[in-house]
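Shown next, in structure tokens, is the structure this report addresses.
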Amino acid sequence: MTTVVKCPTCGTGVVWGEVSPFRPFCSKRCQLIDLGEWADEEKRIPSNSDLSESEDWSEMDDR
């Protein structure tokens, strides 16, 4: 049975296996678009932390 997933960037069907070296992406182009979105902070992992980034650094300096 062949598993097909959607490319997270463009939605094209991608076979999940050795025949698709960029999986879950359909191509190197889509892979790089996604990487660029993370680098530009368009995508991020949500945090439950109430600390701001500056407070995180302050705590590290106190150690």
Side-chain angles (χ1 to χ4, degrees):
M1 183 173 162
T2 303
T3 302
V4 177
V5 297
K6 287 186 177 181
C7 173
T9 304
C10 71
T12 300
V14 179
V15 175
W16 192 266
E18 299 284 327
V19 297
S20 303
F22 303 108
R23 64 187 179 273
F25 304 98
C26 65
S27 65
K28 184 71 172 177
R29 178 182 177 272
C30 281
Q31 187 182 50
L32 291 174
I33 289 170
D34 185 75
L35 178 61
E37 289 172 349
W38 283 98
D40 288 341
E41 297 183 359
E42 293 172 24
K43 291 185 177 180
R44 62 186 180 93
I45 298 173
S47 170
N48 292 334
S49 175
D50 291 334
L51 298 175
S52 71
E53 192 172 312
S54 61
E55 290 173 318
D56 289 342
W57 285 106
S58 297
E59 287 181 15
M60 294 176 92
D61 292 339
D62 292 341
R63 291 180 193 168

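Owing to the predicted nature of the structure, the values given are computational and were not obtained by experimental measurement.
- The minimum heavy-atom distance linking F22 with Q31 is given by the pair CD2-OE1, 3.7 Å.
- For K43, the side-chain hydrogen bond (donor to acceptor under 3.5 Å, both in side chains) partners two or more places apart in sequence, or in a different chain, are D34, E37.
- Among residues two or more places apart in sequence or in another chain, the side-chain contact (heavy atoms from CB on, under 4.5 Å) test is passed with L35 by L32.
- Taking the side-chain contact (heavy atoms from CB on, under 4.5 Å) definition, one finds that R23 meets it with V14, W16, E18, S20, sequence neighbours left out.
- The number of heavy-atom neighbours closer than 6.0 Å to CD of E42, taken from other residues, nucleotides and ligands shown, is above 12.
- Smallest separation of non-hydrogen atoms from C30 and C26: SG-SG, 3.7 Å.
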